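This report refers to the structure that appears directly beneath it.
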Amino acid sequence: MDLAEIQAGRQRLARARRVAVLSGAGVSAESGVPTFRGPGGLWENHRPEDLATPQAFRRDPALVWRWYHWRRRLISACQPNPAHLALAQFEARVPEFCLVTQNVDGLHHAAGSRRVLEIHGSLWRVRCLGCGAAGEERRLDLPTPPSCPECGGLLRPDVVWFGESLDENLLGGAWRAAEESQVMLVVGTSAVVQPAASLTQVARRAGAYVIEVNLDPTPNTGQVDLSLLGRAGELLPLLLQP
Ligand code: BV8
Ligand code: ZN
């Protein structure tokens, strides 16, 4: 770990009035939430297109829901880790701050983050295929897809699947945050899923200083100003300390 590099990153972040953060599954890894790609990842035994698409849910709602039911129960026992907590404490010190997360686990909110855009939705929310009603659903004893209390329709996880468009307001907010940021911190993402992965280029093109914190190099690593390879739970508290 290069302390001079961490110090450089820390100074940039401490001086910035406008900061955007993009987080991925790597931020929750140390809380015990499996990532998607990589050893032990969620996709290790499944193909994304078999579980995280509207077609998969239409074909076999019970299978797809079972996967979310398993994830909901697993995540309900997970706590925010020092990476989540460092981001929540840092947010309070920055005049213009936006945390764009690809994560659907809700751990940033649990850590106290408030200015969060959950651009891929949340597995703690469900949405009705029939009437579109959406709301929070935290019950952990739902092994089969629940039915809508309004119309009896099938409820699905309120997340963004492959081939589904992201919420325009959320994506617009994330785009603006990246464009307006002086510093962008990209942490714990393999930078393969679009359009989220493009936010790094958006910030860079707009002149932001981009810092990447990740366990492994990513397709973005060559384009960022500072790449710190390591665990988010160890590096973020150092980078974001006052
Ligand atoms: C869209 C569901 C417009 C929620 C997810 C063909 C047809 C249709 C679309 C496409 C297509 N080809 C390409 C696309 C676009 C597609 C896409 O990007 N595909 C990729 C895979 C090629 N995108 C979409 O479909 C998006 N919608 O484009 O709409 C459209 C509409 C119609 C037709 C065309 C286009 C929707 C994207 C959202 C998909 N939903 N999940 C859920 O159940 O979770 S994606 C899934 O990947 C999660 O949401 C996750 O957040 C996201 C990104 O993964 P990461 O967070 O980066 O996690 P990953 O495991 O990959 O990496 C973890 C990293 O952490 C690693 O690098 C590791 O080194 C690091 N790490 C690990 N431990 C630590 C650590 N770092 C630090 N510390 C540690 N301790
Ligand atoms: Zn309904």
Side-chain angles (χ1 to χ4, degrees), residues 22-44 46-57 64-65 67-72 75 81-84 86 100-108 118-135 145-168 170-171 185-200 212-221 227-237 239:
L22 173 66
S23 74
V27 170
S28 295
E30 290 159 82
S31 296
V33 183
T35 59
F36 288 87
R37 301 161 183 87
L42 287 166
W43 299 139
E44 193 173 30
H46 301 283
R47 294 181 317 136
E49 49 277 20
D50 294 343
L51 290 171
T53 65
Q55 295 79 5
F57 188 74
V64 175
W65 179 267
W67 184 54
Y68 282 89
H69 172 61
W70 172 75
R71 287 172 67 189
R72 287 157 55 97
I75 289 166
N81 69 62
H84 295 110
V100 179
T101 188
Q102 299 171 89
N103 299 342
V104 297
D105 57 31
L107 288 178
H108 283 305
E118 291 181 318
I119 58 170
H120 289 169
S122 168
L123 52 62
W124 297 117
R125 269 200 319 274
V126 289
R127 174 157 50 88
C128 177
L129 288 185
C131 67
S147 306
C148 174
E150 310 293 325
C151 74
L154 201 53
L155 294 177
R156 57 162 280 182
D158 193 17
V159 298
V160 181
W161 279 327
F162 287 106
E164 293 187 319
S165 300
L166 280 65
D167 174 284
E168 282 166 19
L170 291 178
L171 187 56
L185 172 62
V186 183
V187 52
T189 181
S190 59
V192 296
V193 172
Q194 294 299 347
S198 306
L199 290 169
T200 305
E212 181 186 56
V213 173
N214 208 59
L215 207 52
D216 308 305
T218 74
N220 276 335
T221 302
S227 162
L228 298 171
L229 293 181
R231 291 185 302 105
E234 185 179 0
L235 289 172
L236 287 200
L239 264 179

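As the structure is a prediction and not an experimental result, all values here were calculated from the model. Every number for a ligand or one of its atoms is a count from 1 in the order of the listing.
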protein heavy-atom neighbour closest to atom 71 (N) of ligand 1 works out as G26 CA, 3.6 Å
Does the protein put any heavy atom within less than 4.0 Å of atom 4 (C) of ligand 1?
yes
Just to confirm, does any protein heavy atom lie below 4.0 Å from atom 69 (O) of ligand 1?
yes
Assess the residue pair H120 and V159 against the criterion (side-chain contact (heavy atoms from CB on, under 4.5 Å)); give the C-alpha distance rounded to whole Å, side-chain angles, the decisive distance to 0.1 Å, and a yes or no.
CA-CA 5 Å; H120 289 169; V159 298; 5.8 Å; no
Contact (N/O only, under 3.5 Å) between W161 and ligand 1:
no
Without swapping roles, check the side chain of N103 against the backbone of A25 for a donor-acceptor pair under 3.5 Å.
yes
Which value, rounded to the nearest 0.5 Å, describes the distance between S190 atom OG and L215 atom CG?
12.0 Å
E164: numbered ligand 1 atoms lying under 4.0 Å from its heavy atoms
1 (C), 26 (C), 27 (N), 29 (O), 36 (C)
Could you pull out, from V33, V160, V159, the option with a heavy atom nearest to atom 2 (C) of ligand 1?
V160
Does the side chain of H84 come under 3.5 Å of the side chain of S28 through a donor N or O and an acceptor N or O?
yes
What do you reckon, does R231 have a nitrogen or oxygen under 3.5 Å from a nitrogen or oxygen of ligand 1?
no
Using a strict cut-off of 4.0 Å, indicate which atoms of ligand 1 neighbour a heavy atom of E30.
78 (N), 79 (C), 80 (N)
Which residue owns the protein heavy atom closest to atom 45 (S) of ligand 1, what's the atom, and how far is it?
F162 CZ, 3.6 Å
Nearest heavy atom to atom 47 (O) of ligand 1: which of Q102, H120, R37 does it belong to?
R37
Does G233 reach ligand 1, in the sense of a heavy atom lying below 4.0 Å from it?
no
Does A25, backbone or side chain, put an N or O under 3.5 Å from an N or O of ligand 1?
yes
Which of the atoms in ligand 1, numbered in the order shown and given with their element, are less than 4.0 Å from a heavy-atom of R71?
42 (C), 43 (O), 44 (O)
In this structure, which one of T189, T200, T218 forms a side chain to side chain donor-acceptor pair (under 3.5 Å) with E212?
T218
Going by heavy-atom distance to atom 64 (C) of ligand 1, choose the closest among A29, S28, G188.
G188
Grab the two heavy atoms, one from G153 and one from C128, that are nearest each other, plus how far apart they are.
CA-SG, 4.0 Å
Protein contact of atom 78 (N) of ligand 1 - nearest heavy atom, named by residue and atom, plus distance
A232 N, 2.9 Å
Within less than 4.0 angstrom of ligand 1, does G230 place any heavy atom?
yes
Pairwise side-chain contact, R37 with V193, heavy-atom cut-off 4.5 Å (strictly under):
yes
Look at the rings of W161 and F57 and say which category their plane angle falls in: under 30° parallel, 30 to 60° tilted, over 60° perpendicular.
tilted
Among all the protein's heavy atoms, is there at least one whose distance to atom 24 (C) of ligand 1 comes out below 4.0 Å?
yes
Check whether S31 reaches the backbone of V33 with its side chain - one donor and one acceptor, N or O, closer than 3.5 Å.
no
Between ligand 1 and V104, is the shortest N or O to N or O distance under 3.5 Å?
no
Does any N or O atom in G163 lie less than 3.5 angstrom from one in ligand 1, N or O only?
yes
Judged on heavy-atom distance to atom 66 (C) of ligand 1, which of N220, T218, L215, N214 sits nearest?
N214
Apex the Zn ion (ligand 2); atoms C128 SG and C148 SG; angle rounded to 10 degrees
110°
Counting only heavy atoms, which portion of V213 has something under 4.0 Å from ligand 1: side chain, backbone, both, or neither?
neither
closest protein heavy atom to atom 43 (O) of ligand 1 is Y68 OH, 2.6 Å
Proximal ligand 1 atoms for G24, defined as those under 4.0 Å from one of its heavy atoms:
56 (O)
So for ligand 1, is D216 a polar contact partner (N or O within less than 3.5 Å, distance only)?
yes
D167 side chain vs I119 backbone, donor-acceptor pair below 3.5 Å:
no
Audit row: E118, L170, side-chain contact (heavy atoms from CB on, under 4.5 Å) steps and yes/no:
CA-CA 7 Å; E118 291 181 318; L170 291 178; 5.5 Å; no
Do you see a protein non-hydrogen atom under 4.0 Å from atom 14 (C) of ligand 1?
no
Could you check L107 against V27 for side-chain contact (heavy atoms from CB on, under 4.5 Å), going step by step and ending with a plain yes or no?
CA-CA 9 Å; L107 288 178; V27 170; over 6 Å; no
Return the closest protein heavy atom for atom 20 (C) of ligand 1 as residue, atom name and distance.
V192 O, 3.7 Å
Atom 57 (O) of ligand 1: nearest protein contact (heavy atom, Å)
T189 OG1, 2.7 Å
For the pair E30 (side chain) and N81 (backbone), establish whether a donor and an acceptor sit closer than 3.5 Å, ignoring hydrogens and angles.
no
Between CH2 of W67 and NE2 of H69, what distance do you get to the nearest 0.5 Å?
14.5 Å
Do any nitrogen or oxygen atoms of W67 lie less than 3.5 angstrom from nitrogen or oxygen atoms of ligand 1?
no
Which heavy atom of C131 sits nearest to which heavy atom of C148, and what is that distance?
SG-SG, 3.7 Å
Give a yes or no on whether the backbone of L129 and the side-chain of R156 come within a donor-acceptor separation of less than 3.5 Å.
no
Under 4.0 Å from atom 10 (C) of ligand 1, is there at least one protein heavy atom?
no
Please state which part of Q194 comes within less than 4.0 Å of ligand 1, counting heavy atoms only: side chain, backbone, both or neither.
both
Just wondering, are more than 12 heavy atoms of other shown residues or ligands nearer than 6.0 Å to CD in E168?
no
